[in-house]
Amino acid sequence: MKKNTQRNKETPIHDLRSAIEFLQTLPNEIVSTDVEVDPNAELSGIYRYVGAGGTCERPTRKGPAMMFNNVKGYPDVRVVTGILSTRERTGHLLGCAPEKLGFLLKDSVQNPIPPVTIERGQAACQEVIHLASSPEFDIRTLLPAPTNTEEDAGPYFTMGLCYASDPETGESDVTIHRLCVQSRDELTMWLTPGRHIDAFRQKAEAAGKPLPISISIGVDPAINIAACFEPPTTPLGYDELNVAGALRGYPVELVNCISINERAIAHSEIVIEGELLPNVRIREDQNTDTGKAMPEFPGYTGDAKEALPVIKIKAVTHRKNPILQTTLGPSGEHVNMAGIPTEASILGMVERAMPGRLLNVYAHTAGGGKLLAVLQFKKASATDEGRQRQAALLAFSAFPELKHVILVDEDVDLFDSDDVLWAMQTRYQGDVSTVMIPGVRCHPLDPSQTPEFSPFLPQVGTSCKVIFDCTVPFHLKHHFERSKFKKVDVTRFLPDFK
């Protein structure tokens with residue numbers, strides 16, 4: 001069925017190229033280089049200094065996105081990274097104040113706009129077609145998948161929007177997974193427990209059938225953000241492309257793939273079409289024997305997995321002179337893609353339970369957007385005492401991979417780590433302000449969540465979740481008023497002050 005796909009005229013961004021063009025109009029938001037760069041460790045090594053931020057090894061910093069125009073061995077493909085690596089840049093790309101991004105995402109979940117399917121001849125992603133059945137086909141020489149460090153298991157596609165459908169219901173899901181290049185036409189796919197595409201794969205495998213899957217690389221940043229929602233906010237059967245449509249005010253356009261029975265994002269720079277094979281597993285580092293996978297969001301390189309599902313590539317399609325989008329696992333880009341949906345999920349759940357009390361949420365950089373959240377809570381009366389801790393418990397329910405919650409009052413800037421730590425030093429006592437919840441499922445990439453680290457943890461991926469209540473008891477609030485300075489017009493003295 002055809003639907004109105006007219007774009008919102010007020011939104012200049014509708015794909016990766018228009019996002020890059022938009023950033024080029026803003027000061028210090030994107031830089032480029034024509035110097036030849038090696039995708040094997042060098043490209044990521046450069047961006048670590050330029051603008052990765054996040055939990056990357058220091059020195060690193062928040063900085064511009066970066067375009068590499070001359071990739072060694074790939075004269076027709078450019079590589080871009082860091083498009084979403086700062087909260088401010090993410091705000092520019094979504095047309096929203098940085099501190100309000102969680103609210104924007106929350107509203108978008110509640111007002112979904114489903115995707116539509118367009119004709120193949122209208123899809124930019126199918127301008128050039130490579131069939132894997134051709135003897136000349138080799139994805140390793142076709143696309144410059146970066147190797148992020150010298151000890152990685154191999155080259156990885158880190159910004160591929162994986163799209164597949166439930167073989168029983170036809171409901172679809174889109175999400176981002178780490179994809180390691182294993183051969184000319186094979187990728188391995190790591191799926192953390194609970195992911196919807198893994199549920200689809202298991203159903204197909206139980207029936208002895210492959211699961212068709214498309215991997216769209218280089219898309220509108222709104223899609224990258226939307227794809228990172230997780231249950232319970234987007235339950236099984238909820239297509240996160242609905243959220244991306246709401247963010248832009250018009251539906252995401254999909255197109256039928258050329259070699260499999262699945263759809264892909266029509267404006268993608270690159271699409272990999274393939275099938276998740278039933279009952280086939282490959283060791284992730286079979287080509288390197290490093291024992292390592294790739295850098296992940298906590299700032300450590302994950303262990304290579306012994307047996308991962310395999311995607312058999314059937315075709316690759318792309319735009320002319322495509323741009324391959326990639327990310328550094330521990331960078332600020334992961335924080336924003338994972339963290340802003342986390343904020344939206346927490347805001348939505350707590351608002352339903354106690355309207356008007358939770359003022360804002362920040363999925364902190366130090367936790368990679370997943371492990372640490374700061375909640376700004378307003379106690380309006382004595383009966384609100386204790387409800388701040390209920391809000392923290394709801395946060396753990398809204399996002400199960402959350403490990404720590406820090407609660408602060410309304411006079412604390414939750415986006416300023418100095419202010420949050422100040423609240424911890426002056427409004428927190430460890431024996432009465434700490435709530436521990438032991439033995440709860442969290443995220444397996446946190447290396448401290450192992451029985452070897454703590455004998456109280458039964459298995460890898462379980463954790464002791466903690467609430468740090470740095471709010472002032474309501475009956476003592478008058479003893480904790482911050483020093484009040486005179487309000488003045490600074491521009492009288494410094495005209496260029498912002």
Check: Ser268 and Ile217 side chains under 4.5 Å, non-hydrogen atoms: no
No-hydrogen, no-angle side-chain donor-acceptor test under 3.5 Å, Thr327 and Thr81: no
Run the salt-bridge test on Lys314 and Glu273 with the 4.0 Å N-O cut-off and return the result as yes or no. no
Residues forming a side-chain contact (heavy atoms from CB on, under 4.5 Å) with Asp38, sequence neighbours excluded: Asn40, Glu42, Lys72
Thr117 and Arg263: side chain donor to acceptor below 3.5 Å: yes
Which ring pair (Phe, Tyr, Trp, His ring centres under 6.0 Å) pairs, counting each pair once, include a residue from residues 186-213, with sequence neighbours left out? none
With no hydrogens and no angle check, just 3.5 Å: does a side-chain donor-acceptor pair link Glu151 and Thr290? no
Report the residues that fulfil salt bridge (charged side-chain N to carboxylate O under 4.0 Å, His left out) with Arg201, sequence neighbours left out, ordered by chain and then residue number. Asp198, Glu205
Rounded to the nearest 0.5 Å, how far does CD of Glu296 lie from OG1 of Thr301? 8.5 Å
Is it true that Arg17 and Glu269 have a side-chain N and a carboxylate O under 4.0 angstrom from each other? yes
Test salt bridge (Lys or Arg N to Asp or Glu O under 4.0 Å) applied to Glu29 and Arg89, step by step: CA-CA 7 Å; Glu29 291 294 359; Arg89 184 153 61 250; 2.8 Å; yes
Does the side chain of Asp239 come under 3.5 Å of the side chain of Tyr163 through a donor N or O and an acceptor N or O? yes
Mind running ring-ring contact (aromatic ring centres under 6.0 Å, His included) on Phe297 and His443 for me, showing each step along the way? CA-CA 11 Å; Phe297 74 89; His443 200 291; 4.9 Å; yes
Distance (rounded to the nearest 0.5 Å) between Arg48 CZ and Arg61 CZ: 12.5 Å
Assess, by modelled atom type and distance only, whether the side chains of Ser345 and Glu230 contain a donor and an acceptor separated by less than 3.5 Å. no
Identify all side-chain donor-acceptor contacts of residues 129-142 below 3.5 Å with residues at least two apart in sequence or on another chain.
from	atom 1	to	atom 2	distance (Å)
His130	NE2	His318	NE2	2.9
Ser134	OG	Glu136	N	3.3
Ser134	OG	Glu136	OE1	2.6
Asp138	OD1	Arg140	N	2.9
Asp138	OD1	Arg140	NE	2.9
Asp138	OD2	Arg140	NE	3.4
Asp138	OD2	Arg140	NH2	2.9
Thr141	OG1	Asp138	O	3.1

Go through the steps for Asp285 and Arg283 under the test salt bridge (Lys or Arg N to Asp or Glu O under 4.0 Å), then give the verdict. CA-CA 6 Å; Asp285 66 338; Arg283 183 164 57 91; 2.8 Å; yes
Salt-bridge present (Lys370, Glu401; N to O < 4.0 Å): yes
Only one of Val219, Thr317, Leu324 passes side chain to side chain contact (heavy atoms under 4.5 Å, CB included) with Ile270, and that residue is Leu324
Write out all pairs satisfying ring pair (Phe, Tyr, Trp, His ring centres under 6.0 Å) with one or both partners inside residues 269-289, taking only residues at least two apart or from two chains. none
Between Asp15 (side chain) and Asp220 (backbone), is there a donor-acceptor pair under 3.5 Å? no
Applying side chain to side chain donor-acceptor pair (under 3.5 Å), which residue pairs with at least one partner in residues 90-106 are found, sequence neighbours left out? none
